[in-house]
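This report refers to the structure that appears directly beneath it.
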2 protein chains.
Amino acid sequence: MTPMPDLTDTVAAAAVVARTSRRPPGRREALLAAALDVIRRVGTSASMDEMAAEAGITKPVLYRYFRDRDGLITALADQFADVLVARLQLALRDAARATQTDADGVIHRAIESYVGFIEEDPALYGFLTQHAPPEHPALIAVIERVAGAIAGVIRDNFTAQGFDPRPAVTFAHGIVGMVHLAGASWARNRDISREELVDDLTALVSRGLTGAATPLQPR
Amino acid sequence: MTPMPDLTDTVAAAAVVARTSRRPPGRREALLAAALDVIRRVGTSASMDEMAAEAGITKPVLYRYFRDRDGLITALADQFADVLVARLQLALRDAARATQTDADGVIHRAIESYVGFIEEDPALYGFLTQHAPPEHPALIAVIERVAGAIAGVIRDNFTAQGFDPRPAVTFAHGIVGMVHLAGASWARNRDISREELVDDLTALVSRGLTGAATPLQPR
DNA sequence: TGAATCTATAACCACGGGTAATATTACTGC
DNA sequence: GCAGTAATATTACCCGTGGTTATAGATTCA
């Protein structure tokens with residue numbers, strides 16, 4: 001907020017705002033990175049003191065950049081969503097011109113990118129879900145952004161094929177939750193291969209329970 | 001721990017254990033109920049002091065019945081799982097003899113019971129997810145119990161129809177996550193009717209993306 | 001009654017989020 | 001250069017909450 005206040009008409013005020021902000025530009029990002037480091041190291045119980053120490057500063061500085069702990073959590077969640085949505089968009093890039101036949105390929109790539117993402121940074125996810133209430137605006141924003149991206153693709157394909165696009169948003173939420181929880185459960189014990197997991201989920205999303213098992217044993 | 005120490009050989013020790021435990025039988029359940037009450041009233045930030053006060057006792061008594069805060073959370077989660085699984089079993093009762101045709105009915109009932117459950121006690125769910133890490137054994141137990149019940153039904157039907165039962169457990173996890181997140185998102189803004197939500201999720205589970213929209217507009 | 005013991009309480013400790021009061025650095029005008 | 005000023009950083013502190021200890025109150029058997 002107010003990164004560079006514009007000049008006012010009074011001379012006194014001009015003198016005030018003339019002073020350059022000594023706040024380094026990339027500082028906030030560096031603090032976020034330090035917070036992430038300590039979260040990855042000590043787990044979800046990372047304290048504000050520890051994060052400040054990791055960044056080589058003290059607590060009040062942290063509170064200057066992020067209003068409070070909640071602000072830091074929100075910033076982390078936003079960054080999380082940025083990377084995740086970017087990856088998903090990449091996987092869904094050519095989904096618009098996907099026909100029914102290669103729809104499985106799009107779904108497969110999207111699920112794989114999601115699974116890979118929550119797999120490679122479990123600490124951040126754990127920190128967010130533990131310290132933010134499930135109704136936390138930042139977490140809702142993450143879900144809505146991811147689901148929104150998916151819902152857009154579904155809606156496009158449905159309308160292109162003459163289907164009712166209304167369920168798209170519910171479907172998108174369902175898919176997000178499905179991949180998320182199944183991925184988290186899989187990451188715990190890894191009883192099947194990663195490929196099997198993604199294949200199974202792709203089958204479930206694409207053809208559902210009544211159709212998912214069919215290709216394996218065509219009766 | 002040591003709810004009733006067994007008799008030793010010394011007479012003195014025998015005299016010790018002769019004294020009846022003055023701990024009332026239903027006390028633990030009453031304390032759990034009081035904890036639930038205060039959680040429903042003040043939200044996820046309910047403290048141990050508040051819960052003790054609600055039950056008309058003080059903190060150390062609470063710590064005598066539940067080892068620590070984590071023990072109370074575990075007890076709440078277990079109770080949560082008990083009721084949820086019981087409801088699900090009821091909905092899945094006649095799923096074993098379900099044919100392909102009425103499979104949708106079983107799925108529909110199961111999803112409806114789940115949605116209804118997380119809808120009617122959001123405070124408990126919020127408390128659990130906020131105060132327990134996502135890898136908390138008690139939460140994992142809830143997920144595994146629910147998913148296990150669903151996986152059993154899927155596996156039975158798959159094997160009965162000559163399909164490969166291996167993906168059943170992944171499918172179950174996926175379905176749990178799907179209904180859960182879609183239900184939570186729906187409970188926030190309720191932009192569609194409850195029936196539409198359950199119908200959509202049933203379609204997604206049963207026939208997937210490629211088949212879900214078909215019945216609405218058969219091309 | 002009195003000794004022994006289980007139970008509950010009040011007072012306390014530790015620790016983490018959050019915030020003044022205070023010191024330090026850097027820039028401006030003379 | 002040198003004050004004066006404003007931004008920045010630090011130390012020390014407050015407060016609430018999980019968890020424990022020292023102590024008082026019941027209750028049972030002799």
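Order of the sequence lines sets the chain letters (A, B, ...), proteins ahead of strands, with each chain counted from 1. We use all heavy atoms of the structure for the numbers below, so side chains are in, but hydrogens, waters and symmetry mates are not.
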field: Integer-rounded Å distance: D:dG18 P and B:D70 CG
entry: 13 Å

- line: Residues passing the salt bridge (charged side-chain N to carboxylate O under 4.0 Å, His left out) test with B:D191, sequence neighbours excluded, are none

query: Whole-Å distance between D:dT20 P and B:L62 CG?
result: 13 Å

message: Run the salt bridge (charged side-chain N to carboxylate O under 4.0 Å, His left out) test against A:E196 and tell me which residues pass, sequence neighbours left out.
response: B:R166

message: Filter on side-chain hydrogen bond (donor to acceptor under 3.5 Å, both in side chains), then keep only pairs touching residues 70-81 of chain B, sequence neighbours left out; what's left?
response: B:D70-B:H136

message: Can you tell me if A:R27 touches the phosphate of D:dA9, counting only side-chain N or O atoms and a distance under 4.0 Å to OP1 or OP2?
response: yes

message: Without decimals, in angstroms, what is the distance between B:L72 CG and D:dT17 P?
response: 16 Å

- prompt: What is the distance, rounded to the nearest whole Å, between atom CE of B:M51 and atom C1' of D:dG18?
  reply: 11 Å

Separation of C:dG18 C1' from A:Y65 OH (nearest whole Å): 19 Å

statement: side chain to side chain contact (heavy atoms under 4.5 Å, CB included) filter on A:I57, not counting sequence neighbours, yields A:R27, A:L31, A:A52, A:A55, A:V61, A:L62

message: Output the rounded distance in Å from CD1 (A:I57) to P (C:dA23).
response: 21 Å

message: So which atom in B:L72 and which in B:F66 form the shortest heavy-atom distance, rounded to 0.1 Å?
response: N-CB, 3.7 Å

task: Choose from C:dT7, D:dT11, C:dT9 the nucleotide whose nearest atom is closest to any side-chain atom of B:R64.
output: C:dT7

message: Restricting to salt bridge (charged side-chain N to carboxylate O under 4.0 Å, His left out), what partner residues turn up for B:R87, sequence neighbours left out?
response: B:E120

Measure all distances between protein nitrogen or oxygen atoms and nitrogen or oxygen atoms of nucleotides 15-17 of chain C, and list the pairs falling under 3.5 Å.
{"unit_1": "C:dG17", "atom_1": "OP1", "unit_2": "A:R69", "atom_2": "NH1", "d": "2.4"}
{"unit_1": "C:dG17", "atom_1": "OP2", "unit_2": "A:M48", "atom_2": "N", "d": "2.9"}
{"unit_1": "C:dG17", "atom_1": "N7", "unit_2": "A:K59", "atom_2": "NZ", "d": "3.4"}

